[in-house]
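In what follows, chains are A, B, ... by sequence order, proteins preceding strands, each numbered from 1. Just the heavy atoms: all of them, side chains too, but no hydrogens, waters or symmetry mates, feed the values below.
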There are 2 protein chains.
Amino acid sequence: MNPTKAKLLTATAQVLREDGFAALSARTIATRAGVNQALVFYHFGTVAELVDAATRQAADESADRYREAFAGVTSVGALLALGRELHERERAAGNVAMMAQLMSGAQGSPELAAAARYAMDRWTREIEAVLGRVLADNPLAGVLDPAGLARAVSAGFLGLELYEGVDPAGAEQALATLERLAVAVDVVGDLGPVARRALRSRVKNLA
Amino acid sequence: MNPTKAKLLTATAQVLREDGFAALSARTIATRAGVNQALVFYHFGTVAELVDAATRQAADESADRYREAFAGVTSVGALLALGRELHERERAAGNVAMMAQLMSGAQGSPELAAAARYAMDRWTREIEAVLGRVLADNPLAGVLDPAGLARAVSAGFLGLELYEGVDPAGAEQALATLERLAVAVDVVGDLGPVARRALRSRVKNLA
DNA sequence: GTCTATAAGATGATAGAC
DNA sequence: GTCTATCATCTTATAGAC
């Protein structure tokens with residue numbers, strides 16, 4: 001990989017994270033990369049193609065970190081602890097903010113929508129795998145399919161990130177409640193046989 | 001209200017909804033409003049102030065519609081049915097997309113962040129009220145505080161809207177799973193006295 | 001209140017020197 | 001591969017005629 005090309009990719013991610021989609025331009029990116037503006041077009045053709053490449057790369061790296069971290073998780077409790085930690089870490093790295101910016105920018109551009117879809121797919125694939133393991137013997141498993149839940153979790157992180165930029169206290173409150181909801185799902189999984197049977201029979205009618 | 005001013009406000013909302021935050025400019029807005037570009041600055045001073053005014057107005061109208069619709073709802077089942085209908089209607093109107101665009105644009109602009117926060121507050125206030133009523137005698141009430149849950153729901157809608165623009169099928173799948181989760185919460189609220197007691201004692205330790 | 005004209009700057013993108 | 005210089009086009013914002 002050409003060093004200038006690499007610099008442009010990481011600079012694009014930085015601008016997207018810190019200043020938002022609206023701040024993206026060949027000049028802002030090149031300045032942050034410490035290279036000449038014309039090199040954006042030499043290496044990537046257009047600004048949109050650079051953004052596409054940068055976000056796909058970031059999504060790959062991010063998803064790979066998810067996979068490693070999720071590898072040994074088999075209980076809801078462990079997933080929650082890890083989830084909170086991972087959430088803080090990814091937040092600090094700015095990956096969620098970057099994806100949120102990508103998604104909003106993608107609304108007006110079919111080319112970027114493809115990159116955004118790719119990024120979401122990479123995330124949900126990892127989350128779906130761990131959710132499938134964790135929910136395997138929960139009586140709510142028939143209701144909470146891992147695929148749908150993984151997508152809901154990914155979308156939820158996007159929304160929370162946007163919300164956090166606007167009202168940090170409110171976002172924290174929302175996150176705390178969601179964690180409690182997850183704990184409640186776990187508690188339901190630990191219910192005694194009587195309550196468990198009662199719940200399962202009722203749940204069966206929903207699926 | 002000056003008719004030109006009104007036209008600019010609704011045109012701003014339209015551009016934000018249909019073309020996204022990146023497409024906002026005095027010219028795109030004025031063209032859609034059918035008025036001269038200079039009038040943006042005469043009536044609102046800057047483009048940012050126009051966007052601020054337009055999104056506050058839209059949030060007010062949207063929240064007022066929520067309030068009316070939520071007024072008579074007292075059960076989770078009724079809220080879910082209404083929620084799905086409302087979600088479709090607001091989606092078609094483009095209000096959620098507009099807020100999502102506002103939130104992402106707000107990341108780079110403190111002035112817009114205030115407007116975004118105002119919009120989120122108006123939404124969560126209505127949702128919190130109806131959630132408080134609906135969850136009043138659910139054994140999970142101690143875990144799912146209405147304030148946090150309302151914020152989570154608002155943020156969730158934002159994320160789902162962004163996701164939908166990128167992958168409609170995935171977003172629908174996520175929404176379906178979330179609805180099932182809400183139904184499960186309702187089922188828990190309808191549990192017999194034995195299971196209910198077992199759940200409540202376990203839940204008590206979490207709060 | 002609304003218009004035209006215009007200033008002053010940022011943007012994507014290209015041509016051509018090195 | 002990298003640079004400078006340049007283009008047409010877009011932007012916010014203002015001045016001044018009507």
Fill in the blank from the handout: A:Phe41 has its side chain closest, among C:dG12, C:dG1, C:dC3, to C:dG12
Handout entry: Most 5' of B:Pro3 and B:Gln37 on DNA chain C, judged by nearest nucleotide
Key = B:Pro3
Problem - Euclidean distance, atom CZ of residue B:Phe21 to atom P of D:dT11 [Å, nearest integer] - result: 14 Å
Exercise for the section: Choose from C:dG12, D:dT11, C:dC3 the nucleotide whose nearest atom is closest to any side-chain atom of B:Leu39. Expected result: C:dC3
Practice task
Given side-chain contact (heavy atoms from CB on, under 4.5 Å), test A:Thr177 with B:Val143 step by step and report yes or no.
Solution key: CA-CA 7 Å; A:Thr177 301; B:Val143 186; over 6 Å; no
Handout entry: Qualifying residue for salt bridge (Lys or Arg N to Asp or Glu O under 4.0 Å) with B:Arg65, from B:Glu85, B:Glu90, B:Glu126
Key = B:Glu90
Exercise for the section: Only one of A:Arg122, A:Arg133, A:Arg151 passes salt bridge (Lys or Arg N to Asp or Glu O under 4.0 Å) with A:Glu128; say which it is. Expected result: A:Arg151
Exercise for the section: Please state how far atom CG in B:Asn2 lies from atom C1' in C:dG1, giving the value in whole angstrom units. Expected result: 7 Å
Practice task
Could you tell me whether B:Asp121 and B:Arg125 make a salt bridge, using a distance below 4.0 angstrom between a side-chain N and a carboxylate O?
Solution key: no
Handout entry: Distance in angstrom units between A:Leu8 CG and D:dC3 C1', rounded
Key = 14 Å
Practice task
Would you mind telling me which of C:dC3, D:dC3, D:dT6 lies closest to the side-chain atoms of A:Ala38?
Solution key: D:dC3
Handout entry: Rounded distance in Å - CG (A:Asn36) to P (D:dT6)
Key = 15 Å
Problem - DNA chain D contacts among residues 42-55 of chain A, heavy-atom distance under 4.0 Å - result: A:Tyr42, A:His43
Problem - Distance, rounded to the nearest Å, where B:Met1 contributes CE and C:dG1 contributes C1' - result: 16 Å
Handout entry: Pair A:Glu172 + A:Arg84, salt bridge at N-O below 4.0 Å
Key = yes
Practice task
Would you kindly give the CZ-to-P distance between A:Arg27 and C:dT14, to the nearest whole Å?
Solution key: 13 Å
Exercise for the section: For A:Ala26, report the nucleic acid contact type (base, sugar-phosphate, nothing); a contact means any heavy atom under 4.0 Å. Expected result: sugar-phosphate
Handout entry: Minimum side-chain heavy-atom gap B:Asn138-B:Leu144 below 4.5 Å
Key = no
Handout entry: Distance test, side-chain N/O of A:Thr4 to OP1/OP2 of D:dG1, below 4.0 Å
Key = no
Exercise for the section: Taking only Lys NZ, Arg NE, NH1 and NH2, and the carboxylate oxygens of Asp or Glu, determine whether A:Arg56 and A:Asp60 approach each other closer than 4.0 Å. Expected result: no
Handout entry: Euclidean distance, atom CD1 of residue B:Ile29 to atom P of D:dC10 [Å, nearest integer]
Key = 17 Å
